[in-house]
Amino acid sequence: MATETAGQPQTTGPAATAPARTPDVRPMRADARRNYERLLTEARTAFTEHGTDTSLEDIARRAGVGIGTLYRHFPNRTALMGAVFQGEVDALLTHARELADAPQPCAALVEWLRAIITHATTYRGLSRALMTASADDSSGMARCSVPMREAGGALLTRAQQAGAVRPDVNISDLMQLTNGIALAVEESPDDPKLADRLLTLTLRGLKGENR
């Protein structure tokens, strides 16, 4: 039954307290799931062999589906990249949790940054995509960059609280710097020690005055 208070209709009775119904989420059909998994497998292989700018049409062909099927699952390249790299991101997030109580917070932070560089240089073009995604939370890569910033922020805060890292360092800048190092490593495949040298330079700039 409806009544009015101050000119606004009010509903009383059971309808007033009934919770809003959540739309049903249909599970993916078996054939769609197979296509999805094949696309991820072929995309991972193609990104490893040829880089993240490889042809999406070629990925679809290798998966045995049409390009329309690829776009139904992944509306753009960055969405596909985010799905492909989710497993590696999950491993990095797990590693960050493992380092959360490390006795040397700054060393833990640097170890995690080194792991990011190793991950990013596995796929040519990934470091550049991560740099772009870090400034756009609506990007298809945000599913990777947002939780990474949160995990890195926790490690950074702990290092700052220990006085090992300057208080004016923020995680967004640090992640951009790390991705920049990964990009430099990607462009210098014949210099295997480049990442460590650049990380050492970074650490000198990060350290607090009492360290």
Are the side chains of L126 and F47 in contact, using a 4.5 Å heavy-atom criterion? no
Salt bridge between R61 and E57, side-chain N to carboxylate O under 4.0 Å? no
Less than 4.0 Å between a side-chain N and a carboxylate O, is that true for D196 and R114? yes
Does one hydrophobic cluster hold both V65 and L56, with members joined at side-chain heavy-atom distances below 4.5 Å? yes
Is there side-chain contact between L109 and L174, with heavy atoms separated by less than 4.5 Å? yes
For residues T52 and V84, determine if any side-chain heavy atom of one lies less than 4.5 Å from a side-chain heavy atom of the other. no
Side chains of D191 and R197, heavy atoms from C-beta outward: is any pair under 4.5 Å? yes
When rounded to the nearest 0.5 angstrom, what distance separates CZ in R77 from CD1 in I59? 6.5 Å
From N35 atom CG to L40 atom CG, the distance as rounded to the nearest 0.5 Å: 11.0 Å
So, the side chain of R149 versus the backbone of M175: is there a donor-acceptor pair under 3.5 Å, distance only? no
Report yes if the side chains of E98 and W112 come closer than 4.5 Å at any heavy-atom pair, otherwise no. no
Going by atom types only, do T41 and R44 share a side-chain donor-acceptor pair under 3.5 Å? no
Check whether any side-chain heavy atom of T54 sits under 4.5 Å from a side-chain heavy atom of Y123, and report yes or no. no
